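Data block below; observations after.
Note that the coordinates shown come from a computational prediction; the quantities given were computed from them, not determined experimentally.
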Amino acid sequence: MGKRIRLNIPKGNGNVDFTILILVLALTLFGITMVFSASYYWALDDPTEGPYFYLIRQGAWALIGFIFMIVFSQIPYEIYGKDQVVGIVLLASLGSLVLLFTPLGVNINGATRWLNLGVTTVMPGEFAKLAVIIVVSAFLAKEPKRILSFKRGILPLIVLAGIYALLIYKQPNLSTALVVVGIILAIAILAGLRFRYVFLAVGGLGLLVISLLVFKPNNYQVRRMMSFVDPFKDALGDGFQAVQSLLALGSGGLFGVGIGKSVQKNLYIPEPQNDFILSIIGEELGFVGIIILLAVYTYLIYRGFKVALNAKDRLGMFLAGGVTSMLAIQVIINVAVVTSSMPCTGITLPFISYGGNAMLMFMMSMGILLNVSKKSRR
């Protein structure tokens with residue numbers, strides 16, 4: 001008899017957090033299923049695409065993303081603390097954002113968020129999220145007490161956040177700019193940022209919103225931003241997406257109408273496979289389906305922060321905390337937008353919304369998180 005082959009998956013130090021891996025794969029497979037369901041009639045309406053267009057593309061991006069995740073999980077995270085790597089990441093991310101305002105930038109529906117590379121397009125704003133995680137983590141890990149000094153720690157972070165936010169906002173892409181600022185703030189809090197600065201930041205944002213409402217109440221962007229308060233007031237205009245999303249969620253009830261049976265995806269919600277895919281999930285799987293999905297996200301976020309708290313050094317803690325914070329921020333914003341609890345923004349639901357750039361970025365981020373988990377303290 002030949003020797004028996006055993007699949008050895010050791011536990012403890014030196015091995016990735018297997019639970020995170022399973023949760024990411026489960027979300028990705030569920031996302032492929034829901035992208036197909038949400039996009040079927042939208043793709044069928046375009047004779048050049050065919051009903052399986054988005055299914056095939058999302059499946060391909062998921063496979064490529066999984067390979068990226070495995071590769072990044074094998075790269076020692078300590079490399080992201082080296083000055084040369086940080087410099088390359090910073091210059092590459094800022095340089096790609098600047099290139100958007102050259103002939104390489106592609107304008108779609110009034111927004112220039114894509115770089116034309118010939119064979120494909122790239123969204124520098126998506127990868128800027130991962131870039132700031134690496135840059136800020138390395139900056140604060142190199143000298144942890146910087147965060148206690150306004151001049152040496154807080155001011156450089158404000159300047160960095162301002163540069164990224166301005167370049168992304170000019171695309172225009174306010175939602176991604178806010179996510180980038182949120183990531184930087186989350187890592188700073190993890191590093192020990194005094195809460196008075198957090199209150200000042202939140203207060204400043206609140207004053208900005210109030211000033212816009214007072215001094216520019218009839219401005220188009222301000223009107224659209226505030227349409228979430230009463231989307232039915234302009235149901236065929238600024239509030240159209242929010243209204244259709246709420247109708248989808250309401251139609252789903254407790255258990256949903258069933259996979260593939262959504263009505264709102266039939267050319268009512270524009271591109272339902274993208275930012276508003278959660279509304280289709282709610283219609284087809286109901287309140288129970290959304291609760292289960294959010295429970296999976298919550299547990300993944302919990303495991304991510306657990307990896308951060310058990311990291312062997314500050315660099316690992318900041319990287320894991322930054323990746324997990326990014327995931328949490330995007331889930332919260334997407335849910336808030338779909339339920340008309342905040343203004344409509346172009347934020348994808350991680351691992352589920354259609355899009356190759358977001359899929360690759362999140363898979364790479366999860367790879368870094370998995371590598372940090374390999375070297376966690378007991």
[X] side chain near [Y] side chain, heavy-atom distance below 4.5 Å:
| X | Y | value |
| --- | --- | --- |
| N173 | S175 | yes |
| S39 | L55 | no |
| I259 | M34 | yes |
| L190 | L140 | no |
| I147 | L157 | yes |
| L247 | Y268 | no |
| S137 | I187 | yes |
| I163 | L167 | yes |

Between [X] (side chain) and [Y] (backbone), is there a donor-acceptor pair under 3.5 Å?
| X | Y | value |
| --- | --- | --- |
| Q58 | S353 | yes |
| N310 | K306 | yes |
| S251 | E283 | no |
| R113 | G125 | no |

Item to check | Residue pair V323, F362: steps toward the side chain to side chain contact (heavy atoms under 4.5 Å, CB included) verdict | outcome: CA-CA 9 Å; V323 167; F362 269 107; over 6 Å; no

Item to check | Criterion side chain to side chain contact (heavy atoms under 4.5 Å, CB included) on L293 and I352, from CA distance to verdict | outcome: CA-CA 10 Å; L293 175 62; I352 293 180; 3.5 Å; yes

Next on the checklist: Taking the ring of Y52 and the ring of F36, is the distance between their centroids below 6.0 Å?
Outcome noted: yes

Give, for atom [atom1] of [X] and atom [atom2] of [Y], the distance between the pair rounded to the nearest 0.5 Å.
| X | Y | atom1 | atom2 | value |
| --- | --- | --- | --- | --- |
| F276 | Q264 | CZ | CD | 12.0 Å |
| L178 | I329 | CG | CD1 | 10.0 Å |
| L200 | Y197 | CG | OH | 8.0 Å |
| L27 | M366 | CG | CE | 9.5 Å |
| L315 | Y77 | CG | OH | 6.0 Å |
| L100 | N116 | CG | CG | 11.5 Å |

Could you pull out the closest heavy-atom pair between [X] and [Y], with the gap in Å?
| X | Y | result |
| --- | --- | --- |
| G65 | M363 | O-CB, 3.1 Å |
| K151 | P156 | O-CD, 3.4 Å |
| Q273 | W42 | NE2-CD1, 3.9 Å |
| I347 | N334 | O-ND2, 2.8 Å |
| V372 | A320 | CG1-CB, 4.2 Å |
| A138 | G81 | CB-CA, 4.1 Å |

Consider only side-chain N and O atoms of [X] and [Y], and report whether a donor and an acceptor are under 3.5 Å apart.
| X | Y | value |
| --- | --- | --- |
| T19 | Y299 | no |
| N107 | T112 | yes |
| N371 | S373 | no |

Should [X] and [Y] be counted in the same cluster of Ile, Leu, Val, Met, Phe, Trp and Tyr side chains packed under 4.5 Å apart?
| X | Y | answer |
| --- | --- | --- |
| V257 | L246 | no |
| V181 | M361 | no |
| I70 | I368 | yes |
| I281 | I332 | no |
| F66 | F30 | yes |

Item to check | Steps toward side chain to side chain contact (heavy atoms under 4.5 Å, CB included) verdict (Q171, M123) | outcome: CA-CA 11 Å; Q171 297 177 10; M123 292 183 69; 6.0 Å; no

Item to check | K265/E284 ion pair, N-O < 4.0 Å | outcome: yes

Next on the checklist: Check this for me, if you would: do K375 and D313 make a salt bridge, where the nitrogen-to-carboxylate-oxygen distance has to be below 4.0 angstrom?
Outcome noted: no

Item to check | Cation-aromatic face contact R57/Y354, 6.0 Å, 45 degrees | outcome: no

Next on the checklist: As a quick check of understanding, evaluate side chain to side chain contact (heavy atoms under 4.5 Å, CB included) for I20 and L300, giving each step before the final call.
Outcome noted: CA-CA 6 Å; I20 291 178; L300 177 58; 3.8 Å; yes

Checklist entry - Testing T339, I333, V335 for side chain to side chain contact (heavy atoms under 4.5 Å, CB included) with V337, which one passes? => result I333

